[in-house]
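Structure below; questions to follow.
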Amino acid sequence: VQGSAEWHQHRMNHFNASEASAMMGISSYMKRDELLRLKTTGVPVEVTPETQRRFDEGHRLEAQARFIAEGIIGEELFSPTISMIVDGLSLSASFDGLTMDESTAWECKTMNQHLKESLADGVIPDEYHPQLEQQLLISGAERSLFMAYDGTDELHAWYESDAALRKRLLAGWKQLADDLKDYQPPAITVEPVAHAVDALPALSVQIDGAVKASNLNEYEASALAFIRAINTDLQTDQDFADADNVVKFCGRTEKELESVKQQALAQTADIDALFRTIDTLKAEMRTKRLELNKLVTAKKQQMRESIVMEARTAWRAHIEQLNQRLEPVHLPDIAENFSGAIKGKRTMASLRDAVNTELARVKIEANEAADHIEANMKALKAMAGDYGFLFRDIQQIVTKDHDDLINLAKARINEHKQAEAERLEAERERIRQEEAAKAKAEQERIRQEEVAKAKAEQERIRQEEVAK
């Protein structure tokens, strides 16, 4: 029963349709790294009262929308949870609705602006395609009615199976299963919030030909202590958030110091000691601000590069492992886009998730390419037999479409057989002609011998007659 403790436990032990988009890195509700953590620990994110209210409202709207869906489909719907093993993967899907003959599925979402705009054009957003594809795979249904409903308005579109997406879906789950074998959940971090910068005492100066009153000495001590205490060893998201805040604070303080100086200038023409102190503090504040700002920029770039390089190292190791499996051939070049994946990402957590998702994508592509090459190599080996010498260009042809490779191999072998048959036939013809020539020469020799014998016999007889 959906929603029961048994159902939740079942979901923990299966790869679920509702998680497919997160697995493929296109979910707006869950990141791929979050799904890895969930499948490893079995501990779901705690549902807040607000989230639970949203779930309850969704269930209420779904119950209302069911009657609309049954009217569109023309049949009653029931809500099963179905699981099956596909290519060694434990897959599952919990259906909002399915016809009794399991030919048509129904998936209902709470209406939002994005769904409203997309479904108004008859387009189901890509984010939901993996879930729908897995539901069709598991149920064997021919199509799915995808609906969005808000209690008043209803929009829908039909989804039919996509063979290419189904292939990517299974490859994606296989890669997630591989990733889970060695996955260690990282320490949970929260989005850093910059610490409040301790305010310096307000600087006040009153001048009447001379400095009448000022807390400049106390202010100077506090300001210099603050500047020297600024952290420049940036390692964590928290450090970066604090540093950004300090940079802004230093900029504001510079402006305040300049403002106080200008106020003092308005009161007197020349109070040298006062101005020198203010100028010094202003310069110190500016120097630290510029230094820290450059350090923040450099450190962020360094950490971004470090995350990308870690991923590239893992990527190269994966390719090397696949190439060892495929010897003597190797994979064609597969382009990763780690640099593009981190664009617009600000925090270390979002950077790592983006890079990990891209790494999973290219691993899946490489695995598919390796499986394809391996299947082609096995088929080619089985066909080639003693004709392996015909395929010295195996590196170039092994990536072909399987059927194209088989046809190419058959053509080469048949051409070689035909050429060999023609060569053998030509050789036999040469031998036949040589034998015929020999036989003819032998016949001529025998004839000449017989003629010579006949002549000799005639001569003997003639001589005997003469002698008589």
Side-chain angles (χ1 to χ4, degrees), residues 1-12 14-32 34-35 37-39 42-73 75-83 91-99 102 104-136 138-139 141 143-159:
V1 177
Q2 293 184 23
S4 66
E6 293 80 6
W7 177 75
H8 284 292
Q9 185 59 45
H10 170 86
R11 284 177 57 82
M12 285 299 172
H14 290 78
F15 293 145
N16 304 290
S18 58
E19 299 164 340
S21 293
M23 173 273 293
M24 299 186 77
I26 60 173
S27 172
S28 58
Y29 301 100
M30 177 183 282
K31 296 178 180 178
R32 189 176 186 276
E34 293 173 341
L35 179 60
R37 173 183 285 275
L38 175 63
K39 291 300 182 186
V43 180
V45 177
E46 185 175 353
V47 178
T48 65
E50 177 59 32
T51 301
Q52 187 59 54
R53 282 193 293 272
R54 191 169 68 251
F55 287 164
D56 293 342
E57 177 64 9
H59 294 152
R60 185 184 70 82
L61 293 174
E62 179 186 320
Q64 294 180 4
R66 180 179 300 274
F67 297 103
I68 301 174
E70 290 176 339
I72 295 172
I73 295 173
E75 294 185 45
E76 291 187 0
L77 299 168
F78 74 115
S79 300
T81 295
I82 307 176
S83 61
L91 303 184
S92 180
S94 299
F95 293 82
D96 290 339
L98 189 65
T99 55
E102 299 185 358
T104 304
W106 170 59
E107 180 63 29
C108 184
K109 303 295 182 185
T110 301
M111 184 81 78
N112 57 38
Q113 189 61 33
H114 177 53
L115 283 172
K116 188 173 184 178
E117 292 173 358
S118 186
L119 289 175
D121 295 328
V123 177
I124 302 173
D126 290 346
E127 175 181 358
Y128 301 102
H129 289 195
Q131 178 182 11
L132 298 172
E133 187 63 40
Q134 185 158 325
Q135 289 176 343
L136 295 187
I138 290 177
S139 65
R143 60 178 184 165
S144 178
L145 177 65
F146 182 86
M147 177 183 292
Y149 182 66
D150 63 3
T152 304
D153 294 328
E154 174 272 323
L155 291 171
H156 67 269
W158 288 96
Y159 177 85

> Under 3.5 Å, is there a donor-acceptor pair between the side chain of S27 and the main chain of Y29?
Replying inline: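 Yes; at least one donor-acceptor contact below 3.5 Å.
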> M147 versus D96: any side-chain heavy-atom pair under 4.5 Å?
Replying inline: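 When only atoms from C-beta onward are counted, D96 and M147 do not touch, as no gap falls below 4.5 Å.
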> Distance-only, no hydrogens or angles: does the D121 side chain make a donor-acceptor pair with backbone N or O of V123 under 3.5 Å?
Replying inline: no
> Closest approach of E75 and T99, non-hydrogen atoms and distance?
Replying inline: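 Reported closest heavy-atom pair: OE1-CB, 3.7 Å.
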>> I'd like to know whether CZ of F78 has more than 12 heavy-atom contacts from other residues, nucleotides or ligands below 6.0 angstrom.
In response: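 Yes - once you tally the heavy atoms of other residues, nucleotides and ligands closer than 6.0 Å, there are more than 12.
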>> With a 4.5 Å cut-off on side-chain heavy atoms, are W106 and I68 touching?
In response: no
>> If the condition is side-chain contact (heavy atoms from CB on, under 4.5 Å), which residues does A20 pass it with, not counting sequence neighbours?
In response: P130, Q134, L169, W173
> Can you find a heavy atom in the side chain of T81 that is under 4.5 Å from one in the side chain of Q2?
Replying inline: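 Yes - at least one pair of side-chain heavy atoms lies under 4.5 Å apart.
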> How long is the span from the CG atom in L91 to the CD atom in Q135, to the nearest 0.5 Å?
Replying inline: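 These two atoms lie 12.5 Å from each other.
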> Closest approach of S139 and E102, non-hydrogen atoms and distance?
Replying inline: O-OE1, 3.5 Å
> Between S28 and H114, is a side-chain contact (heavy atoms from CB on, under 4.5 Å) present by the stated rule, with each step listed?
Replying inline: CA-CA 12 Å; S28 58; H114 177 53; over 6 Å; no
> Is a side-chain donor-acceptor pair under 3.5 Å present for R11 with S94?
Replying inline: no
> Do R32 side-chain atoms and M23 backbone N/O form a donor-acceptor pair below 3.5 Å?
Replying inline: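 Between the backbone of M23 and the side chain of R32 there is a qualifying donor-acceptor contact (under 3.5 Å).
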>> Nearest 0.5 angstrom please: E34 CD to E19 CD, how far?
In response: 12.0 Å
> Say you draw a straight line from CD1 of I73 to OG of S144; how long is it, rounded to the nearest 0.5 Å?
Replying inline: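 Rounded to the nearest 0.5 Å, the CD1-OG separation comes to 8.0 Å.
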> What are the two closest non-hydrogen atoms of H10 and S92, and how far apart are they?
Replying inline: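 Scanning both residues, the minimum pair turns out to be NE2-OG, 2.9 Å.
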>> For a quick test of reading the model, state the closest non-hydrogen atom pair linking G151 to Q64 and the distance between them.
In response: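 Closest heavy-atom pair between G151 and Q64: CA-OE1, 3.9 Å.
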>> Rounded to the nearest 0.5 Å, what separates atom CE in M12 from atom NE2 in H8?
In response: 8.5 Å
>> When you compare the side chain of I72 with that of E154, does any pair of heavy atoms fall below 4.5 Å?
In response: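 SC-SC contact between E154 and I72 confirmed.
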> Can T110 and R54 be counted as having a side-chain donor-acceptor contact under 3.5 angstrom?
Replying inline: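 Absent: no donor and acceptor within the cut-off.
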> Who passes salt bridge (Lys or Arg N to Asp or Glu O under 4.0 Å) against R143, sequence neighbours left out?
Replying inline: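 If we apply the salt bridge (Lys or Arg N to Asp or Glu O under 4.0 Å) test to R143, skipping adjacent residues, there are no hits.
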> How long is the gap from OG1 on T152 to CE on M111, to the nearest 0.5 Å?
Replying inline: 9.5 Å
>> Just so I know, are the side chains of Q52 and D56 near enough to count as touching, which here means a heavy-atom distance under 4.5 Å?
In response: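 They are in contact (side-chain heavy atoms under 4.5 Å apart), so the answer is yes.
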> Taking side chain as C-beta onward, heavy atoms only, is T104 less than 4.5 Å from L98?
Replying inline: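 Side-chain contact under 4.5 Å: no.
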> With a 4.5 Å heavy-atom cut-off, do E133 and Y159 have their side chains touching?
Replying inline: yes
> Between E107 and Y128, do the side chains contain an N or O donor and an N or O acceptor separated by less than 3.5 Å?
Replying inline: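 There is no such pair between these side chains.
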> Which heavy atom of G122 sits nearest a heavy atom of A157, and at what distance?
Replying inline: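 The answer is O-CB, 4.0 Å.
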> So, for I124 and H129, which heavy atoms are closest and what is the spacing to 0.1 Å?
Replying inline: O-NE2, 2.9 Å
> Hey, mind stepping through D150 and K116 against side-chain contact (heavy atoms from CB on, under 4.5 Å) and telling me if it holds?
Replying inline: CA-CA 10 Å; D150 63 3; K116 188 173 184 178; 5.8 Å; no
> How long is the span from the CD1 atom in I138 to the NE2 atom in H14, to the nearest 0.5 Å?
Replying inline: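 Separation between the atoms: 8.5 Å.
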> Are any non-hydrogen side-chain atoms of L77 and F95 less than 4.5 angstrom apart?
Replying inline: no
